[in-house]
Engineer: 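One structure, pasted below without further comment.
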Amino acid sequence: MTKTASPVGKRTRSFQLRVFGCQMNVYDGELMQAAMQKRGWKPTENADEASVFLFHTCSVREQAEERVHGLLGELRRVKKQDPSVVIAVVGCMADREGQALFLREPHVDIVCGSRHFPKIPDMVDQVLGGERRVCQIGEAEIEVDAPERNLVGRIEHYQAHVAVMRGCDLNCTYCIVPSVRGRVESRQPEAIVQEVKLLAQNGVSEVHLLGQTIDAYGRDLPRQDRPELASLLDALETVDGLKRIRLVTLHPSYVDQALADAMARSTKFMRFLPMPIQSGSDQVLKRMKRGYSVAMYRKKVALLRAAMPDLELVSDWIVGFPGETDEDFIASEMAMKEFDFLQSYVFQYSPRPGTTAYEYPDDIPKQQKARRNHRLLALQRELAQQKTPKLVGTHSRLMLEKRSERNPEFWIGRTQNGHYALLPDEAGCVAGLEVPVELADYNGRELLAQREKEFVMPAFDHPQSLPSFSV
Ligand code: SAH
Ligand code: SF4
Ligand code: F3S
C-alpha cells in the first residue's frame, strides 16, 4: 500500500511542473499534467504548497541543462526541511544523464526519460511507498501516446499541440536529440485524426502537429498502406471546426512534390513553415552532416514556393559551429537574404557530450559567436520589416490570438502565412476566430486589417503620422 505525501506546513496533494525546451516538451508536459490530475494531484504554481516537483527538461544546449541544475540546487534546502517532497527530472536530461543525475543531485528521487513520462504518477507512488531513486530511461515497452488523449485539466485554448511522431533517425553531428529521444516512432494516422477531432470538439481551431522531422512521418511504418504527411493533411481536411494546421519542423531532405501539393490543396495548412537550414555554407553543412547542400535546399524551396507563392519560411541557425570561418558566416547571411525567411531562431553552438561534433575543437570564441548571433538576428529583423509592408492591399484570413495589450481596441492575429496584423475590436471577436480580411495598411510594426466585407479604405494619407500600435 502506498502512503500519500505527508503535508508539512502548507503542502497539499499538489505538484509543480516546470517545462523547458521545445514544443514537444510542452505537449508532453500537458499529457503528464493530465496523468497527474487524473490521480488526484492538483497543479500549483506555489512552491511552498507543492509536494511533488516535476522538471521537464531539455538537453539541446548546455545552458538549458545548467538552468535546471540551478533550480534543482534551490530545492536542496526544501528537501532537507521536508524529506517527504518528491523531486523528478523528466525528459531529455533524464535520458542523457541517467543514474549519474542522482550523483550530482542526491536529493532527486525520480529520473524519468522522455518515453516513460506517462508512468510518472506510478513513479511518484513508488517513492511515496518508500522506494528510493526510481529511474526509467531509454526505449519503453509501451507506446508513449495513449490510444485516446486525456483532456483532464486542459486549459481551454484555441491552440493545441499534437505529436505525430517521436524521435529522430538523423544524425546531425551537433545534436543530442537522437540519442535522448530515440528512433522515429510514427503514430497511426487514425489516432492522430481522432485526437484532432476531439480537440476540435473542445473548441480548438488551430493545431500544431509536432515531429523532429515531421516530413519523415510514416517512413518507419510497414510499406503497405504507409501513411505520409501528405495523406495526413488530406485526412485532417475533413475535421469540422479545425481552421489551421501548423507543421513543426520539416527537414529539407524529405520535402517532395506530393507534400508540396498536399500543402497547397489544404485549406487549413498554415503557410508558415519551419524548415531550418542551420548554415549557408556547404562546408559547414557537410561537417554538420545535415544531408543537403545549399543548392539542394534551394531546390526544395523552389518546389514549395512554386506550389504556394505566398509561403513564408522560418529557419533555425547555428553560429560558431567548429571551424566556421568569416566566409562561412557571410554565406549564412547571404542564404538568409536569398531564402527571404520571415522568422529565424539563432543559436550559438554548444558542444554536447556524446555527439560527433563534441570531438571537434570548439574553436570559435564566445564573443565571436555572440557577434554572429547578433548580426544574423539584426539581418532577420531587417528582412521581416521589408517583407511585411508588401502585403498591404492583399487579402488573407486572420486567426485572432489575443487582444492587443497596448491598444485594447484592437485584436492581434496572424495571417494565413504568419504575418502579424491588428484588427479593430468588434462584437464577436474571440481568440481562435478566423476572419477574412483585407490588409489595409502597415504601422511600422504590424499590418492593419479590415474585415473583408465591410472594408473601406481608411484615410491614411500620411503613414508616418499614424499612431504606432504595438502589442
Ligand atoms: N529537428 C529540428 C531541430 C531540433 S533542435 C531540425 O532538424 O531542424 C532545435 C534547434 O536547436 C536546431 O534546429 C538547432 O538550430 C539548435 N541546436 C541543436 N543542437 C544544438 C547545439 N549543440 N548547439 C546549438 N544549437 C543547437
Ligand atoms: Fe537533431 Fe538533426 Fe534530428 Fe533535427 S534532424 S533533431 S537537428 S539530429
Ligand atoms: Fe530539447 Fe529534447 Fe526538445 S533536447 S529541443 S526538449 S527534443
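Every number for a ligand or one of its atoms is a count from 1 in the order of the listing.
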Engineer: Looking at every non-hydrogen atom in both residues, tell me the closest pair between G323 and D328 and how far apart they are.
Structural biologist: O-OD2, 3.6 Å

Engineer: For H157, look at atom NE2 and say whether over 12 heavy atoms of other residues, nucleotides or ligands are found less than 6.0 Å away.
Structural biologist: yes

Engineer: Can R414 be said to sit on top of Y420's aromatic six-ring, NZ or CZ under 6.0 Å from centre and within 45° of the ring axis?
Structural biologist: yes

Engineer: Could you go through the ring pair (Phe, Tyr, Trp, His ring centres under 6.0 Å) check for Y292 and H251 one step at a time?
Structural biologist: CA-CA 10 Å; Y292 55 83; H251 189 285; 5.6 Å; yes

Engineer: Exactly which residues line ligand 1, taking a heavy atom under 4.0 Å from it as the test?
Structural biologist: V60, R61, Y174, Q212, T249, P276, Q278, R290, D316, I318, F347, Q348, Y349, S350, R352

Engineer: Given ring pair (Phe, Tyr, Trp, His ring centres under 6.0 Å), test W317 with F329 step by step and report yes or no.
Structural biologist: CA-CA 11 Å; W317 304 82; F329 176 70; 9.0 Å; no

Engineer: Heavy atoms only: give me the nearest L273-M263 pair and the separation to one decimal.
Structural biologist: CD2-CE, 3.9 Å

Engineer: Provide the tally of protein N/O/S atoms nearer than 2.8 Å to atom 1 (Fe) of ligand 3.
Structural biologist: 1

Engineer: Show the nearest heavy-atom pair for residues D95 and G138, with the distance to one decimal.
Structural biologist: OD1-N, 3.0 Å

Engineer: Give the residues near ligand 2 by chain and number, with the criterion being a heavy-atom distance under 4.0 Å.
Structural biologist: C168, L170, C172, Y174, C175, V177, P178, Q212, T213, H251, R290

Engineer: Set out, in order, the CA-CA distance, both residues' side-chain angles and the distance that settles side-chain hydrogen bond (donor to acceptor under 3.5 Å, both in side chains) for E49 and T44, then state yes or no.
Structural biologist: CA-CA 7 Å; E49 188 192 5; T44 179; 2.7 Å; yes

Engineer: Kindly give the heavy-atom pair with the smallest separation between Y217 and L229, and that separation in Å.
Structural biologist: CD2-N, 3.7 Å

Engineer: To which protein heavy atom is atom 7 (S) of ligand 3 closest, and what is the distance rounded to 0.1 Å?
Structural biologist: Q212 NE2, 3.3 Å

Engineer: For the residue pair G167 and Q212, what are the closest heavy atoms and their distance?
Structural biologist: O-CB, 3.7 Å

Engineer: Using 30° and 60° as the class boundaries, would you call the ring planes of Y345 and F347 parallel, tilted or perpendicular?
Structural biologist: parallel

Engineer: Enumerate the salt bridge (charged side-chain N to carboxylate O under 4.0 Å, His left out) contacts for residues 284-311, please, sequence neighbours excluded, ordered by first and then second residue.
Structural biologist: R271-D310, R298-E338

Engineer: When you measure from the side chain of R115 to the backbone of E143, do you find a donor-acceptor pair of N or O atoms at a distance under 3.5 Å?
Structural biologist: no

